[in-house]
4 protein chains.
Amino acid sequence: MKGKRLSRKERERERQRREIMAAAHTLFSEKGYHGVSMQEIADQAEFAVGTLYIFFKSKGDLYQESMLEETEKFMGQLGKVLDEPVDEVAKLRNLVRAKGTYFLNNASKIRIFHAELRQASDSAITELDLKIQTKRLSLMKDVAAVFESGMKKGTFQRIGDPYILAKSLDNITHSFLLSWIEDPEQYPYPEDPDVILNILFKGLIQD
Amino acid sequence: MKGKRLSRKERERERQRREIMAAAHTLFSEKGYHGVSMQEIADQAEFAVGTLYIFFKSKGDLYQESMLEETEKFMGQLGKVLDEPVDEVAKLRNLVRAKGTYFLNNASKIRIFHAELRQASDSAITELDLKIQTKRLSLMKDVAAVFESGMKKGTFQRIGDPYILAKSLDNITHSFLLSWIEDPEQYPYPEDPDVILNILFKGLIQD
Amino acid sequence: MKGKRLSRKERERERQRREIMAAAHTLFSEKGYHGVSMQEIADQAEFAVGTLYIFFKSKGDLYQESMLEETEKFMGQLGKVLDEPVDEVAKLRNLVRAKGTYFLNNASKIRIFHAELRQASDSAITELDLKIQTKRLSLMKDVAAVFESGMKKGTFQRIGDPYILAKSLDNITHSFLLSWIEDPEQYPYPEDPDVILNILFKGLIQD
Amino acid sequence: MKGKRLSRKERERERQRREIMAAAHTLFSEKGYHGVSMQEIADQAEFAVGTLYIFFKSKGDLYQESMLEETEKFMGQLGKVLDEPVDEVAKLRNLVRAKGTYFLNNASKIRIFHAELRQASDSAITELDLKIQTKRLSLMKDVAAVFESGMKKGTFQRIGDPYILAKSLDNITHSFLLSWIEDPEQYPYPEDPDVILNILFKGLIQD
DNA sequence: TATGAATGAGCGTTCATTCAT
DNA sequence: TATGAATGAACGCTCATTCAT
């Protein structure tokens, strides 16, 4: 019974924590780390500034945690797709499709993916980027394994290093999605994943 | 005679302007917009802070102009490559090579290319991104024309929309270069451009 | 019966009050008024912050009361010494000895005595200082009476106003004790009270 | 000529620095370190907050420098008194007189002398106290030398260790002055230095 | 009654910008 | 014209105090 009471309190705290992180994530995504003040986040989350500091020890910490959570959710979803018992072509198709779907549903949150080469003016950002990098690397390795497996079976040509191919696929989808966010009318992906896949599957020059 | 004096003055002013922009560009590239103060730029350029405000109306303006100049220089170099009287395959190969060379020579300045979807914390940055976007779009169209031309000649398969292909090529090179900057040992490009081209040229699955 | 219950409750409350004051006193003595937070005191006393505000209306109030209590205890001990039925020389000797002993036993609490001329940043401190001043004044008068009595008997020379002498003795002991706390090796008092008394008893220049 | 211009600038800067330090010193003396905000000091000195940070790198730094300057001025004046070519009795008399005069003229600034045993809540204060301690020690040694010299000549009795005597004299004057500040009517010193000296010179009990 | 989560005023500090020289 | 001293709004963060439970 006491355990239950404690658990309710904990759940309440967790809910508040999430609310703060959600407000922070939205604002950081919209205006960037330096463009958002703690006061602004507090207002958006309908808490006092002081309350933010109960849950997060600094602005940098809040930034990191709110951004990382979203990344983990996203990477997790993509990871699951690769575990399904289908052939390599289907896995890649599903991966591209899943990434597109996520973007369609979370258009406002995509800043996360920008984890390459921002500059080190703030250590919180650098740290976050490193963590995201690590997550991404792990996913890349899984995708590379799909390419490798397809090559072994003879389904895929050996047109390049599997890891490089994985990174290429990631980057193509990635940059198309960024373009699409800015001008959704102009780009076929994420609605039509085949446009992306064709670039990889069908060589521009065939022997 | 007076015209000449004025002109000399103007040239002098232009020289100073460039010096400030060079200092600004270096520092912004190293430490990011928020990581650099006007005082720092003034020190580096060996001018007084006040002087910076004679040439540029705000920090954001200086950021914009200094970054844009570098972009123009870079885009200009790539544009020239496409004008050379060679076949389509060679044009693409040269383009990829030129981009790589530029990176090898200007590793410290590459932040410029990050002109996709950064957030609107500062209107100057948004504006800059729009301008860079425009420049990039124009280059993309030229590259798309190369694909189109190759397809018409039958050199290239019609595996996708020429503009999409152009963007894909741009993005693959781009993200490989960013990866390479962080860990030069691990990536073949920019030293070996063929790794990139093979992905585009040789389909993973050939009919 | 009800009276007894109430009385027990009251005693319980008094016990809690003392616990808080003890914790507060220790911390204030160690780190000073501004160096201690209410949370810290609450933790040390094993109460919730809110509870502190049931017993004391503010931090300043708690500071005042906790410091005053210690002073009263100390002044009371010194006062008792003067009531013993011995001659004037012995009274002074015992007084100096008692003060020294108190310091030896309460080295960590001595900040109390610093009740001269601290600044008015917090009205609670000013008020406290006034109250301590009053206590001290009363003790000083008792000591002055010892001097006066000794002079009347002819044991003491009339080298100055008795109250001034009392204050001088107080100040000499006081400042030696403060010095001793910082560097116990270097000072003879409080171990050897005669060093202090000699200054008062034996004139530097004798007629 | 240029040297002169520079010197004028420097003098102007020095004047401003002194103005800030004067405002800071007054306020710190009145309300204590924690009782004064940088804004308050800026207002009092008729500068903007930012300007304070041009001259002093932090609040602690300003506190230290403003307090230390006053101490040095004061200690310097006392030191000079001891260098005059008069006998030991006169030296002590002059010292006590000089200290009294300083207090009469600078009644509002005396917090300086409180450099014993405040607590370490702020490192700036601790550091300052250490520095003041050192200055004071050096003066104490000079005064001790006067006692020693008087003892050698036979002018003074050997009633105690010279350094201890120096410290005693310092403390007696010191605490009388503090008392006097709070209630000038009641105390003879600083107007009449002999009251103090008699305590030291004429033993309460003479053999 | 006792709690401690929540508050928000107020702090020290920075830095883009201005303007008297 | 070029300067750089001076500005002050705005920031991240703390902690004495309150009040719903």
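Basis for what follows: all heavy atoms, side chains included, without hydrogens, waters or symmetry-related copies. Every chain is numbered from 1, with letters handed out A, B, ... down the list of sequences.
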Calculate the interatomic distance between [X] atom [atom1] and [N] atom [atom2]; express it in whole Å.
X	N	atom1	atom2	result
A:Ile41	E:dA6	CD1	P	17 Å
D:Phe47	F:dG4	CZ	C1'	15 Å
A:Ile54	F:dC15	CD1	P	13 Å
A:Leu62	F:dG12	CG	P	11 Å
A:Asp61	F:dG12	CG	P	14 Å
B:Asp43	F:dT3	CG	P	12 Å
C:Glu19	E:dA2	CD	C1'	14 Å
B:Glu46	F:dT3	CD	C1'	15 Å

For the backbone of B:Gly60 and the side chain of B:Tyr33, can you confirm whether one donor and one acceptor N or O come within less than 3.5 Å of each other?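 Such a contact is found between B:Tyr33 side chain and B:Gly60 backbone.
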Exam field: side chain A:Lys59 to backbone A:Val36, donor-acceptor pair closer than 3.5 Å: yes
Side chains of [X] and [Y]: does their closest heavy-atom pair fall under 4.5 Å?
X	Y	result
D:Arg17	D:Arg13	no
C:Gln64	C:Lys131	yes
C:Ser66	C:Glu70	no

Stem finding on DNA chain E, please: runs of three or more consecutive Watson-Crick or G-U wobble pairs, both distances under 3.5 Å, sorted by first number. E:2-21 with F:2-21
Contact string for nucleotides 11-21 of chain E, one letter per nucleotide 5' to 3', B = base within protein heavy-atom range under 4.0 Å, S = sugar-phosphate only, - = neither, reads -SBBBSBB---
Nearest heavy atom decides the nucleotide; on that basis, is D:Phe55 or B:Arg13 closer to the 5' end of DNA chain F? B:Arg13
What contact category does A:Leu52 fall into here, base, sugar-phosphate, or nothing, at under 4.0 angstrom with non-hydrogen atoms?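 Answer is nothing: A:Leu52 stays at 4.0 Å or more from every strand.
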Please set out all donor-acceptor pairs under 3.5 angstrom arising from side-chain atoms of residues 38-55 of chain B, sequence neighbours excluded.
residue : atom : partner : partner atom : Å
B:Glu40 : OE1  : B:Ser37 : N            : 3.3
B:Glu40 : OE2  : B:Lys31 : NZ           : 2.2
B:Thr51 : OG1  : B:Ala48 : O            : 3.4

Less than 4.0 angstrom between a side-chain N/O of B:Gln16 and OP1 or OP2 of F:dT1, yes or no? no
What closest approach, in Å, do A:Asp61 and A:Phe56 show between heavy atoms, and which atom pair accounts for it?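 That closest heavy-atom pairing would be OD2-CA, 3.7 Å.
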Do NZ/NE/NH1/NH2 and the carboxylate oxygens of D:Glu14 and D:Arg18 come within less than 4.0 Å? yes
Out of curiosity, D:Glu65 CD to D:Leu68 CG, how far, rounded to the nearest 0.5 Å? 8.0 Å
